[in-house]
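One structure is given below, encoded as structure tokens.
Atoms considered below: every heavy atom in the structure, side chains included; atoms not considered: hydrogens, waters and symmetry mates. In this chain, residues are counted from 1 in sequence order. Order of appearance sets the numbers: ligands from 1, and atoms from 1 within every ligand.
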Amino acid sequence: MTEATTRPVTLPLARVRPLDPPEDLARWREEDPIRPLAYPDGHQGWLVTGHAAARAILADPRFSTRIDLLHMPIPQRAAQFRSTLRRPGFFLRMDPPDHTRYRRLLAGQFTVRRMKLLEPRIEEITRDHLDAMEDVGGPIDLVRAFALPIPSLVICELLGVPYADRKKFQRDSAVLLSLDSTLEEVEAAMNDLLDYLDELVRRKRAEPDDDLVSGLATDTDLTDEELTGITTLLLIAGHETTANMLALGTYALLRNPAQLAAVRDKPEVVEDAVEELLRYLTVIHIGPVRAALEDVEIDGRLIRAGESVTLSVSAANRDPERFPEPDELDVTRNAGGHLTFGHGIHQCLGQQLARTEMRIAYPALLRRFPGLRLAVPPEEVPMRTNMAIYGVHRLPVTW
Ligand code: HEM
């Protein structure tokens with residue numbers, strides 16, 4: 001441990017190269033994969049940039065994800081999170097046994113069978129959007145025409161949320177995920193979304209259908225408030241993350257033509273390609289964050305009870321000790337073991353759905369438009385550095 005690695009740093013978000021994590025992270029990972037981090041509220045906690053340490057902490061029950069215990073590494077995020085995410089049903093921010101109860105109920109609904117049944121429907125939705133793109137012609141914004149509507153429609157159908165109401169929840173979740181939103185804006189967006197979903201839950205109770213929210217309403221003892229919380233979490237988690245993967249992944253492939261050609265022309269590569277894009281792009285570019293429930297020693301560092309730990313999965317996914325040549329996008333490599341879906345008891349519940357959507361959507365897009373290309377110089381594509389989920393705000397393309 002040198003003086004350089006004991007001095008607290010702040011979490012960087014600005015990037016020199018849009019597809020690589022902020023440069024300091026790589027240097028810090030080399031110096032010390034667990035180092036002191038100054039949190040904007042004055043707390044001094046930790047930043048983890050190494051893959052092995054991040055994975056170990058995510059699997060360790062001595063670390064909590066409870067919102068009331070966490071300090072957030074980004075200004076404003078702390079207050080936003082505390083006021084909006086502390087409610088029944090938001091099990092992403094709960095520890096066992098509360099978390100276990102919700103997770104079990106959800107796992108019972110998020111079955112492999114239900115995900116499998118969705119496959120032909122995802123293919124159909126993808127085809128419809130490609131047809132519409134062809135009708136309109138380029139240049140178009142791929143985020144609006146393809147990357148956002150596909151996961152948005154899929155999660156709506158799965159949950160039983162009317163897609164016609166998408167403007168409302170897409171706008172609300174954009175406010176919730178923007179690091180530039182004020183606390184008032186976040187609270188207003190959250191209340192708006194909760195009111196809307198509260199009404200939906202009541203309708204599902206009265207007239208259940210075969211969707212997931214109806215299933216939870218009829219098969220479980222969840223209260224309306226809990227059901228609304230769960231639906232909110234799934235709706236936000238289910239469309240923003242995958243949408244950004246689709247748009248940013250296409251941008252990355254357009255900048256790496258040989259990799260793009262492999263995804264387009266070799267169906268046997270697609271499964272690995274999706275894992276590699278998940279690793280390389282790591283759209284979860286801030287956390288996850290945990291708080292130590294007791295003193296824990298990891299790699300010679302003593303993390304004291306109450307201290308927050310920010311696990312930079314974007315740095316961990318580029319750790320050369322875990323992935324050879326980590327800064328290369330190589331769609332044929334085995335990227336298994338990446339931490340983009342997290343790890344441990346909170347590992348992403350929707351990961352199979354997200355994978356299915358990506359495995360269908362990337363090759364379908366590239367095959368339909370073999371001449372797909374950026375309609376602006378690559379450096380003019382606006383990046384989502386200011387959002388909780390990284391990606392592109394817009395992706396102007398033509399073909
Ligand atoms: C590429 C797309 C996605 C990425 C990168 C992603 C990433 C993540 C990560 C990193 C976590 C763990 C957070 C933590 O440990 O603090 C998580 C949890 C979760 N994700 Fe995803 N996710 C994606 C898609 C989805 C989809 C499509 C859904 C819903 C259909 C979903 C629902 C959830 C839920 C409910 C949790 C909380 C699980 C728990 O706390 O037990 N995610 N996701």
Side-chain angles (χ1 to χ4, degrees), residues 48 54-55 57-61 63-67 69-70 72 81 85 89-107 109-111 114-115 118 122 147-148 150-161 173 177 211-213 216 229-249 274-291 308-314 316-317 338-359 361-362 388-391:
V48 175
R55 190 172 186 279
I57 291 172
L58 284 169
D60 191 328
F63 287 92
S64 169
T65 180
R66 265 174 48 197
I67 195 67
L69 301 180
L70 298 186
M72 287 293 164
F81 264 95
L85 297 189
F90 255 91
F91 59 97
L92 172 64
R93 294 278 159 243
M94 292 177 191
D95 292 342
D98 299 331
H99 171 263
T100 324
R101 171 173 167 257
Y102 289 113
R103 179 91 190 193
R104 261 199 211 123
L105 290 177
L106 258 293
Q109 295 288 334
F110 255 74
T111 55
R114 190 174 233 145
M115 298 306 122
L118 269 174
I122 297 173
L148 184 61
I150 294 175
S152 211
L153 246 168
V154 171
I155 194 70
C156 279
E157 291 198 6
L158 180 70
L159 296 176
V161 173
S173 40
L177 294 174
D211 54 68
L212 198 141
V213 176
L216 287 173
I230 291 173
T231 311
T232 313
L233 173 61
L234 289 173
L235 190 60
I236 300 174
H239 78 275
E240 278 279 349
T241 43
T242 316
N244 281 294
M245 270 304 300
L246 289 178
L248 188 64
V274 164
E275 293 315 302
E276 171 65 349
L277 286 166
L278 283 161
R279 177 197 74 85
Y280 181 76
L281 302 171
T282 317
V283 292
I284 308 288
H285 70 142
I286 293 175
V289 186
R290 297 289 189 263
S308 279
V309 186
T310 296
L311 307 156
S312 172
V313 285
S314 46
N317 280 342
H338 67 73
L339 298 175
T340 306
F341 288 124
H343 180 65
I345 60 167
H346 290 281
Q347 198 181 48
C348 182
L349 186 72
Q351 58 185 289
Q352 291 318 336
L353 178 60
R355 284 191 172 102
T356 306
E357 292 180 47
M358 288 183 275
R359 286 173 191 165
Y362 288 130
I389 311 289
Y390 190 64

Report task. Please report the shortest heavy-atom distance between Arg355 and His338, naming the atom on each side. Result ->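 Smallest interatomic distance, heavy atoms only, reads NH2-NE2, 4.4 Å.
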Query - For Pro288 against Arg290, the heavy-atom pair lying closest together - result: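 Closest approach of Pro288 to Arg290, heavy atoms only: CB-NH1, 3.7 Å.
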At a 4.0 Å cut-off, with the gap strictly under it, does some heavy atom of [X] reach an atom of ligand 1?
X      : value
Ile345 : yes
His99  : yes
His239 : no

Query raised in the report: Does the side chain of Thr340 pick up a donor-acceptor pair with the side chain of Asn317 at under 3.5 Å?
Result: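 Side chains of Thr340 and Asn317: pair found under 3.5 Å.
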Requested in this report: Please identify which atoms of ligand 1 are closer than 4.0 Å to at least one heavy atom of Arg103.
Outcome: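 Once the distances to Arg103 are compared, the set is 38 (C), 39 (C), 41 (O).
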Query raised in the report: Atoms of ligand 1 less than 4.0 Å from Met245 heavy atoms?
Result: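 Heavy-atom distances to Met245 below 4.0 Å select 1 (C).
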Query raised in the report: Is Thr242 close to ligand 1, meaning an N/O of one under 3.5 Å from an N/O of the other?
Result: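 By distance alone, the answer is no.
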Query raised in the report: Between Gln351 and ligand 1, is there a nitrogen or oxygen pair with a distance under 3.5 Å?
Result: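 N/O-N/O distance below 3.5 Å does not exist for this pair.
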Query raised in the report: Can you say whether the rings of Tyr102 and Phe91 are parallel (under 30°), tilted (30 to 60°) or perpendicular (over 60°)?
Result: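 If you compare the ring of Tyr102 with that of Phe91, the planes turn out parallel.
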**Report entry** For atom 24 (C) of ligand 1, the option (of Thr340, Thr282, Thr241, Val313) bearing the nearest heavy atom
**Finding:**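 Of the listed residues, Thr241 has the closest heavy atom.
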